[in-house]
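Since the structure comes first, as structure tokens, the remarks are kept for the end.
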Amino acid sequence: MKKGLIKISICLFVLSIVSRVAYAQPPAFKVIAFYSTNVENDHVDFAMDAMKFYAKMAAEKNFVFDTTANWDKLNDENLKNYQVVIWLNEFPHNQAQRSSFEKFMENGGGWLGFHVSGYNDKTTKWPWFVSFLGATFYNNNWPPLPAKMIVDDNTHPATLRLPKAYVAPINEWYGWKPNPRDNKDIKVLVTLDPANYPLGKKNLIREGDIPVVWTNTKYKMLYMNMGHGDKNFASEIQNKMFEDALMWAGTKK
């Protein structure tokens, strides 16, 4: 009896040590998400939902997830603390922020961009980003609507768990010109199904090859056009991509 109690005590002691060691393990990687509150309400709604989603995931997957609405923290010194930067419906507003982001990406950092974070046009005047994204905003549908997706590539870690096709929740969808698919460095992962056309009521997307999710293979980056409103995390299928995209961005090449 005593021997049995001793064995149990030893086992419990060992388990407590293992538990402490596991709990004390350093985080797998560190993420900082930038957002703004002085933008369109639907974009703020998405940012808030995204921060809740990724904070919960961070606790489960053992990575650090920090957030800030102060874009001046997009600087060389602060970015040294992180492996991944996320833009939640926003983008840098001055040259200092842009330059720090360029250095971060050129040195192997990871990036996830959602919706408006990819917006650029003739007024943007940031040629590096246009090349980095591989596309320029052309048009959009309105009002926001759900849409059928075609998954072009199930071999990328971000889309590995997606089916060949699925219906994405309500979102405002962007068209691009030039088409990112025409860029030799761009790998398109998800595309709007042409069966959606005409898409919209006030603003119509009537035709065209419209990529929705893609990566520039020269960088550890992924752009996802999802991000308008509070329904984007309503799909368990699509959430797998949101999860896997961040895990991919946070892992070393």
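Scope of the values below: all heavy atoms of this structure, side chains included, with no hydrogens, waters or symmetry mates. Just so it is clear, the structure is predicted and the values come from calculations on it, not from any experiment.
Ring to ring, Tyr138 and Trp176 are not that close: their centroids are 6.0 angstrom or more apart. Ring centroid separation for the pair His228 and Trp173 does not come in under the 6.0 Å cut-off. Centroid-to-centroid, the aromatic rings of His43 and Tyr35 stay 6.0 Å apart or farther.
Taking the ring centre of Trp142 as origin, the terminal cationic atom of Lys201 falls outside the region bounded by 6.0 Å and 45° from the ring axis.
Annotation: side chain of Val212 is not in contact with side chain of Met224 (no heavy-atom distance under 4.5 Å). A heavy-atom distance below 4.5 Å is not found between the side chains of Ile170 and Leu145. For the pair Val213/Val188, no side-chain contact is recorded, criterion being any heavy-atom separation below 4.5 Å from C-beta on. For the pair Arg98/Phe91, no side-chain contact is recorded, criterion being any heavy-atom separation below 4.5 Å from C-beta on. Residues Met48 and Val44 are in side-chain contact: their nearest non-hydrogen atoms beyond the backbone lie under 4.5 Å apart. A 4.5 Å side-chain heavy-atom check between Asn120 and Phe137 finds every atom pair outside the cut-off. Lys30 has its side chain out of reach of Val84: every pair of non-hydrogen atoms, C-beta onward, lies at least 4.5 Å apart. Between Asn232 and Asp49, the closest side-chain pair of non-hydrogen atoms is not below 4.5 Å.
Judged as a ring-ring contact (aromatic ring centres under 6.0 Å, His included), and not counting sequence neighbours, the contacts of Phe129 are Trp87, Trp126, Phe132. For Phe242, the ring-ring contact (aromatic ring centres under 6.0 Å, His included) partners two or more places apart in sequence, or in a different chain, are Phe114, Phe233. Residues satisfying the side-chain hydrogen bond (donor to acceptor under 3.5 Å, both in side chains) test with Asn225, not counting sequence neighbours, are Tyr223. Residues meeting the salt bridge (Lys or Arg N to Asp or Glu O under 4.0 Å) test with Asp152, sequence neighbours left out: Arg181.
For residues 68-80, the set of pairs meeting the salt bridge (charged side-chain N to carboxylate O under 4.0 Å, His left out) definition, not counting sequence neighbours, comprises Asp76-Lys103, Glu77-Lys80. Identified under the salt bridge (charged side-chain N to carboxylate O under 4.0 Å, His left out) test for residues 221-244, with sequence neighbours left out: Arg161-Glu243, Arg161-Asp244.
Rounding to the nearest 0.5 Å gives a distance of 9.5 Å between CD1 of Ile32 and CZ of Phe104. The CG atom of Asp185 lies 5.0 Å from the OG1 atom of Thr217; values are rounded to the nearest 0.5 Å.
Using a 30° and 60° split on the angle between ring planes, Tyr54 and Phe65 fall in the tilted class, from 30° to 60°.
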(message) Applying side chain to side chain donor-acceptor pair (under 3.5 Å) to Thr68 and Asn70, what does each step give before you reach the verdict?
(response) CA-CA 5 Å; Thr68 182; Asn70 180 4; 5.2 Å; no
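Residues Ile237 and Leu160 do not share a hydrophobic cluster, defined by chaining ILVMFWY side chains whose heavy atoms lie under 4.5 Å apart. Val167 and Ile205 are assigned to two separate hydrophobic clusters, defined by single-linkage of ILVMFWY side chains at heavy-atom distances under 4.5 Å. In the hydrophobic clustering of this structure, Phe53 groups with Phe46; members are Ile, Leu, Val, Met, Phe, Trp, Tyr whose side-chain heavy atoms approach within less than 4.5 Å, directly or through other members.
Closest of all the heavy-atom pairs between Leu222 and Ala158 is CD2-CB, 3.7 Å.
Using modelled atom types, one side-chain atom of Asn94 and one backbone atom of Gln97 make a donor-acceptor pair closer than 3.5 Å.
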